[in-house]
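Written out below as structure tokens is the structure these notes cover.
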There are 4 protein chains.
Amino acid sequence: MDQADLPPSPALKPGRGRRRAEDVRRAVLAAAAELLLSDGIPGVTFAKVAALAGVSKMTLYKWWSSPGSLAFEAYFHLFAETLAFPDTGDIRRDLTTQLHAFAGLLRHNGAVIAGIVGAAQSDPDLAAALSEQYVRKRRQIAVERLATARQAGQIRPDVDLETIVDQLWGACYHRLLLPAEPIDTGFTDRLIANLFAGIAPPGPPGPPGPGASPPAR
Amino acid sequence: MDQADLPPSPALKPGRGRRRAEDVRRAVLAAAAELLLSDGIPGVTFAKVAALAGVSKMTLYKWWSSPGSLAFEAYFHLFAETLAFPDTGDIRRDLTTQLHAFAGLLRHNGAVIAGIVGAAQSDPDLAAALSEQYVRKRRQIAVERLATARQAGQIRPDVDLETIVDQLWGACYHRLLLPAEPIDTGFTDRLIANLFAGIAPPGPPGPPGPGASPPAR
Amino acid sequence: MDQADLPPSPALKPGRGRRRAEDVRRAVLAAAAELLLSDGIPGVTFAKVAALAGVSKMTLYKWWSSPGSLAFEAYFHLFAETLAFPDTGDIRRDLTTQLHAFAGLLRHNGAVIAGIVGAAQSDPDLAAALSEQYVRKRRQIAVERLATARQAGQIRPDVDLETIVDQLWGACYHRLLLPAEPIDTGFTDRLIANLFAGIAPPGPPGPPGPGASPPAR
Amino acid sequence: MDQADLPPSPALKPGRGRRRAEDVRRAVLAAAAELLLSDGIPGVTFAKVAALAGVSKMTLYKWWSSPGSLAFEAYFHLFAETLAFPDTGDIRRDLTTQLHAFAGLLRHNGAVIAGIVGAAQSDPDLAAALSEQYVRKRRQIAVERLATARQAGQIRPDVDLETIVDQLWGACYHRLLLPAEPIDTGFTDRLIANLFAGIAPPGPPGPPGPGASPPAR
DNA sequence: TAATAATCGAGACGGTACGTCACGTCTTTTT
DNA sequence: AAAAAGACGTGACGTACCGTCTCGATTATTA
């Protein structure tokens, strides 16, 4: 959640009533984060957050539309989420850096993230928050970096950049949410290698140049 | 979840009083499917299934470990899951066929599937059933077909096949579970094109010529 | 509730600040009366009155000690409560007139009155207001008229007049608050008849003759 | 509440399910009675009773229609309500005995009784229970005793007996619910004296016998 | 005329009860 | 012996009202 959205910084509204107490919001987010880390998403319950934060349930219902969206905000409050996209000029190097960090994040916070994404499937409010405040923003950042690379001639001009996002980060989410294989740096490296060099053998089929690719696994 | 517990294949139990357990199971699955399609995963509740199927809650608890796993089984009972993998000898054509069908499935049953995957994130029993009875089986089928193609020289020998699965089907799941862009046949075609031909520009992997074409999309 | 607090006649306090707005009081009483008639006593809530009257809750808490006492005041504001006691010189005729009117009042406003009396049982502020502003005043008016009649020889000199009040009006309240039989003019007439003539058979108060007549009613 | 009504004695229903736990009912009534005596009617809350009795709220909602009716049943469970009507053959003596006991009851348990009657004014379920299980029964008992007296010639044959009930017990309830004067034995004695001998002076008006009554107050 | 100060609107907040729902365990009776 | 029927405890849900508490705007006195 953002500095502009739900909890307007104090003294923004000229309204006449009592101003929103900022410490209440902090206490709530702290309590929610604590429950989130200890019990996972299903532990983030309005009743428990209220009790833990010494806050009325009514207050929670007033400011958050569902326990899920509260948990989501608490999570983002925790990890101020830099994960910024580097730009060294070399797109493969930057993607490698980024995906290594992402894989590390999934390995450490995977359970919480998976819980949030899972809960979003049956909580429209959480789904909306997740989409607007996370998914679209991150896609946009990635697509912008990829566009720069395309302009620089490091990606073929006819390639759809959104699709690339799904084939890199989406592949990682796949292994998080439908677990079968590990999410390690080898995996992200292969993602990049496959995608850049292609998996088709060199030669006749198609006009790719003779650029042989490095061994994968 | 066990091969002996959950859905005993017909006439497995040696129960003496020759219980009529099989029609009970059918009624339960029918009721669960009805609830699943009308109210989604959160509507599949032991209490409601019991009432709808005219069955005791105790019976449900005996055979299913959680409402989620019951819903999962009901879903698979519904769609006996043909989605078989064709083998025409041309891997790109077969992948295209398969992914078109998969995209169609996600467009029609996406909500239910997303609900099940979402619920699995906080229901270990459902997660186990999903993994054992769905995820691993489908990965295996896909990997086997890809292995055939690799043997046939249609895929480079050094490519890791599991990774390909994540970059094709995983990318689709990504768009299902963290929605931002549509899942249409154009998308799946681009997935295949990107992956086979690679996204790097042709020629020496170094800096491409200045004749850049205009960005796609 | 006090003669100085609640509805101070305008311009009593010499305080320096802004004076109490009389129209506020009117709006509040009108809103309370509306709620009282539509939803009964339990509908007269500070929150709802405040919203309906366009008034702050603080204002209500300042001027009324409980929702019940506000409802009570609203009710008396509505029915300026004349129900004056006639004095034609004939106490039986006057009582009959008065009790007919009272029975009519209970039949039309019985629910509201019963609600107020009922709420008073668990609202000391309302109970105090009811006692001071209603019960004692009405008892006093009745007792005064009865005293006149006693002086005039229409009531035996040794009779306690307070007790009569309970045996006439109290009997009506009984049927209002613990309903079992109707409150009609026949009832009030019988109250008066019983009380004036007594229910004992004529003749020596000892054992009456065996000639019992058939039961009335 | 009775051994036949709300909580059907065990083994009445041929239903298949688990039988109602009798100890649960006992624990609930004990807890409700405790709260009733300590905090009055407003203290008898489903939430508090559930917590005190170690019982689920759901159970309370299943068996009692409102906190008020639970409190009512608990009260009657406490005072198994002897207050039987004596029949010595002398109606005035029996009424005196009865009303002395009743006045004592009101002096000792007046607050609780007033609370129950008051709550009944805004709780239809409690009102129904009160009417069916208390008011009508007690009126009937009294009317039957009075009918016997009337048959024995101790009450004039044309007198309506229901009205008498309101003029004796109803007068006491009046002083309980709209307090102004004490409820002592002097009061109940005067009620009887007034009613039997009448309050009209002897002589011309009407044919009452010469039996002058002793001074009242 | 301007400062003063009570009054009032709006509304946030903690607290407590309400009534509902589903879960999971347990018991009783029927088949 | 299995199954239905269902009672029960647990605990979250979402709503309503109460009573207290700020803010900021209003307005009638008093300086």
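Being a predicted model, the structure only gives us computed values, none of them experimental. Chain A is the first sequence line, chain B the second, and so forth, proteins listed ahead of strands; every chain is numbered from 1.
- The main-chain N or O of D/E34 is found under 3.5 Å from a side-chain atom of D/S38 such that the two form a donor-acceptor pair.
- What separates CG of D/L52 from C1' of F/dG9 is a distance of 16 Å, to the nearest Å.
- If you take CG of B/L60 and C1' of E/dT25, they are 14 Å apart, rounded to a whole angstrom.
- Among the nucleotides E/dA10, E/dA12, E/dG14, the one closest to the side chain of A/W63 is E/dA12.
- Of all nucleotides listed (E/dC8, F/dC17, F/dG9), F/dC17 comes nearest to the side chain of C/K48.
- One interatomic measurement links the two molecules: CD of D/E22 to P of E/dT27, which rounds to 17 Å at whole-angstrom precision.
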Problem set entry | side chain to side chain contact (heavy atoms under 4.5 Å, CB included) between A/L29 and A/R25, intermediate numbers included | CA-CA 6 Å; A/L29 290 182; A/R25 183 173 170 261; 3.9 Å; yes
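- Counting non-hydrogen atoms under 4.0 angstrom, D/T45 reaches the backbone sugars and phosphates but no base.
- Using a 4.0 Å heavy-atom distance criterion, B/K57 is classed as a base contact.
- Distance, D/F46 CZ to E/dG19 P: 7 Å, rounded to whole Å.
- For the pair A/L70 CG and F/dG14 C1', the interatomic distance rounds to 15 Å; values are reported in whole Å.
- In plain terms, the two heavy atoms of C/A74 and C/A33 that are nearest each other are CB-N, 3.8 Å.
- Separating the CG atom of A/D123 from the C1' atom of F/dA12 is a distance of 15 Å, rounded to the nearest angstrom.
- Toward the 5' end of DNA chain E, the nearer of the two residues B/P42 and D/Y61, judged by each one's closest nucleotide, is D/Y61.
- Between the C1' atom of F/dA16 and the NZ atom of A/K62 lies a distance of 12 Å, rounded to the nearest Å.
- Atom CH2 in A/W64 sits about 14 Å away from atom P in F/dC13, given to the nearest Å.
- Judged purely by atom type and a 3.5 angstrom limit, C/T45 has no side-chain atom pairing as donor or acceptor with the backbone of C/A47.
- Place B/M58 and B/A47 on DNA chain E by their nearest nucleotides, and B/A47 ends up nearer the 5' end.
- Comparing D/A53 and B/T59 against DNA chain F, the residue whose closest nucleotide sits nearer the 5' end is B/T59.
- With no hydrogens or angles considered, no side-chain donor-acceptor pair links D/D125 and D/S69 at under 3.5 Å.
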